[in-house]
Amino acid sequence: MMTLPAVEVLRPGSVAEAVELLRDKPGARVLAGGTDIVPNLKYGMYETQHLVALRGLSKELRYVREEDDFVKLGALCSIDQLSREASMLPALADACAQIAGPQLRRMGTLGGNLCLDTRCVYINQTYFWRSALGFCLKKDGTLCHVVKGGKRCVAAASNDTAPVLLALGASVRLVSPRGERILPLRDFYLQDGVHNTVLQSDELLVEVRVPVRARSLKQAFGKLRMRAAIDFPALNLAVALEVAQGAVKSVALCVSAIAARPALIRGLEDLAGRPADARVAEELARRAQKQCKPLTNIGVDPEWRREVLPVLVRRTVSRALQD
Ligand SMILES: Cc1cc2nc3c(=O)[nH]c(=O)nc-3n(C[C@H](O)[C@H](O)[C@H](O)COP(=O)(O)OP(=O)(O)OC[C@H]3O[C@@H](n4cnc5c(N)ncnc54)[C@H](O)[C@@H]3O)c2cc1C
Ligand code: SF4
């Protein structure tokens, strides 16, 4: 049995107190639902003396409301709650319903999902397993087992809410002892699997804001996984289309579970004006396959993922256009 290393759990009563604790306890990490950080601590992926537990902030950070032209989602909304209460954003509710299994959805939070650590078949292993292999860039080592000679970790972003919120044009509110900042989610993720967000060590993600106009977009989420329950994505994606009089006005497509940063497919502006039909689905599938290169970073054959990607895009876009 893997045991949890000794850590002191600190329980702030407000966001202000939480970020001060993060500042004053170097190396402290945030504990929300704990569904990812606890197994990772058991695997020896982090060395920390302190966990700053957010449970006491539930009143402050657990809400779904419309305000100032945004749908605002508190970071401590549970994934299960959003699968039921975010029905105004059907792709998000669907993505949440497909995360992990029922118990994990009840414990796991939106903030924890967006800040989820990247995953790789060579890192999500016990310390003993990794030591036998000689470690890697992400923790304790100097090389990457996925990209031979690679200088940067390419572990995969595996959070299912991220592609949806990126396609819907969401932003995030971040709070630190220095104040708060609001960032478009597209500027939140970095192409570095060691630390794939711009979040500072004393910063909390407190809120997600989705423009109210996203409610009227044709949208859908698609996920490839080995089993229809519990598994992390082998691929995930979301599409959001603005359609008027049967023609596309704008489209956003985000594909993830491939690299450290979810990828918004580039250069889709010229699709505006085309009929919103199967041909647009086909074109999006073609462009996504051209821009996305699955690697051996997760335990699913990359060639197979590459073949399935356009199929998943076509099906997901067709579903969005039907609704
Ligand atoms: C068997 C299994 C299957 C899973 N399947 C899926 C899946 O299919 N799809 C998927 O997306 N996820 C999956 N997960 C991962 C996880 O359960 C979810 O991503 C969940 O939403 C994480 O939320 P949490 O609150 O438990 O995060 P935690 O484990 O508490 O935290 C995760 C990370 O985010 C940081 N963090 C948490 N909240 C904040 C905040 N507000 N501000 C700043 N940093 C923060 C933590 O420090 C930690 O680094 C799975 C997990 C398991 C164990
Ligand atoms: S991508 Fe490379 S560096 Fe990153 S976790 Fe995997 S093996 Fe390690």
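Just so you know, ligand 1 is whichever comes first in the structure, and atom 1 is the first atom listed for that ligand.
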Check ligand 1 against [X] and write out every atom of the ligand that is under 4.0 Å from a heavy-atom position of the residue.
{"X": "Cys115", "answer": "33 (C), 34 (O), 35 (C), 36 (N), 43 (C), 44 (N), 45 (C)"}
{"X": "Gly112", "answer": "22 (C), 23 (O), 24 (P), 25 (O), 27 (O), 32 (C), 34 (O), 37 (C), 38 (N)"}
{"X": "Leu116", "answer": "15 (C), 19 (O)"}
{"X": "Ile79", "answer": "21 (O)"}
{"X": "Gly33", "answer": "24 (P), 25 (O), 26 (O), 30 (O)"}
{"X": "Asp36", "answer": "29 (O)"}
{"X": "Asn159", "answer": "11 (O)"}

Close approach of Leu54 to ligand 1, heavy atoms, under 4.0 angstrom: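 For ligand 1, residue contact (heavy atoms, under 4.0 Å) with Leu54 is present.
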Proximity flag Lys223 to ligand 1, non-hydrogen atoms under 4.0 Å: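 Contact check Lys223 vs ligand 1: positive.
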Partner of Lys223 by salt bridge (charged side-chain N to carboxylate O under 4.0 Å, His left out), out of Asp94, Asp160, Asp231: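 In the set Asp94, Asp160, Asp231, the residue that makes a salt bridge (charged side-chain N to carboxylate O under 4.0 Å, His left out) with Lys223 is Asp160.
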Sub-4.0 Å atoms of ligand 2 with respect to non-hydrogen atoms of Tyr122: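 So the answer, numbered in order with elements, is 7 (S).
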Element-labelled atoms of ligand 2 that are located less than 4.0 Å from some non-hydrogen atom of Leu137: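 With Leu137 as reference, the close atoms of ligand 2 come out as 3 (S).
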His145 N/O/S atom closer than 2.8 Å to atom 2 (Fe) of ligand 2: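 Of the N, O and S atoms in His145, none lies under 2.8 Å from atom 2 (Fe) of ligand 2, which means no.
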Which segment of [X] sits under 4.0 Å of ligand 1 when only heavy atoms are counted:
{"X": "Leu199", "answer": "side chain"}
{"X": "Leu104", "answer": "side chain"}
{"X": "Pro39", "answer": "neither"}

Arg130 side chain to Tyr43 backbone, donor-acceptor under 3.5 Å: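 The answer is yes, because a donor-acceptor pair under 3.5 Å joins these two groups.
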At their closest point, which heavy atom of [X] faces which heavy atom of [Y], and how far apart are they?
{"X": "Ile79", "Y": "Thr161", "answer": "CD1-CG2, 4.5 Å"}
{"X": "Leu114", "Y": "Ala162", "answer": "CD2-CA, 3.9 Å"}
{"X": "Ala167", "Y": "Ala240", "answer": "O-CB, 3.6 Å"}
{"X": "Lys293", "Y": "Ile258", "answer": "O-CG2, 3.7 Å"}
{"X": "Met107", "Y": "Thr35", "answer": "CB-CG2, 3.6 Å"}
{"X": "Leu110", "Y": "Gly74", "answer": "CD2-O, 4.1 Å"}

Is any N or O atom of [X], backbone or side chain, closer than 3.5 Å to an N or O atom of ligand 1?
{"X": "Ala32", "answer": "yes"}
{"X": "Gly34", "answer": "yes"}
{"X": "Glu203", "answer": "no"}
{"X": "Val38", "answer": "no"}
{"X": "Ala100", "answer": "yes"}
{"X": "Asp231", "answer": "yes"}
{"X": "Val30", "answer": "yes"}
{"X": "Leu31", "answer": "no"}
{"X": "Ile99", "answer": "no"}

Charged N to carboxylate O under 4.0 angstrom, [X] versus [Y]?
{"X": "Arg287", "Y": "Asp270", "answer": "yes"}
{"X": "Lys25", "Y": "Glu8", "answer": "no"}
{"X": "Glu303", "Y": "Arg306", "answer": "no"}

Option nearest atom 4 (Fe) of ligand 2 (shortest heavy-atom distance, choices Gly193, Gly150, Cys153):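 Nearest option to atom 4 (Fe) of ligand 2, by heavy atoms: Cys153.
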From Leu174, Thr197, Asn113 - option closest to atom 11 (O) of ligand 1 by heavy atom: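 Among Leu174, Thr197, Asn113, the closest heavy atom to atom 11 (O) of ligand 1 belongs to Asn113.
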Minimum-distance protein heavy atom relative to [atom]:
{"atom": "atom 2 (Fe) of ligand 2", "answer": "Cys144 SG, 2.4 Å"}
{"atom": "atom 49 (O) of ligand 1", "answer": "Arg29 NH2, 3.9 Å"}
{"atom": "atom 9 (N) of ligand 1", "answer": "Asp160 OD2, 2.7 Å"}
{"atom": "atom 3 (C) of ligand 1", "answer": "Ile230 O, 3.0 Å"}
{"atom": "atom 13 (C) of ligand 1", "answer": "Phe232 CE2, 3.3 Å"}
{"atom": "atom 17 (O) of ligand 1", "answer": "Thr35 OG1, 2.7 Å"}

[X] atom [atom1]: more than 12 heavy-atom contacts under 6.0 Å:
{"X": "Asp187", "atom1": "CG", "value": "yes"}
{"X": "Arg55", "atom1": "CZ", "value": "no"}
{"X": "Arg178", "atom1": "CZ", "value": "yes"}
{"X": "Arg186", "atom1": "CZ", "value": "no"}
{"X": "Arg274", "atom1": "CZ", "value": "yes"}
{"X": "Glu180", "atom1": "CD", "value": "yes"}
{"X": "Glu67", "atom1": "CD", "value": "yes"}

Ligand 2 contact by Val154, heavy-atom criterion under 4.0 angstrom: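 Flag set, Val154 near ligand 2.
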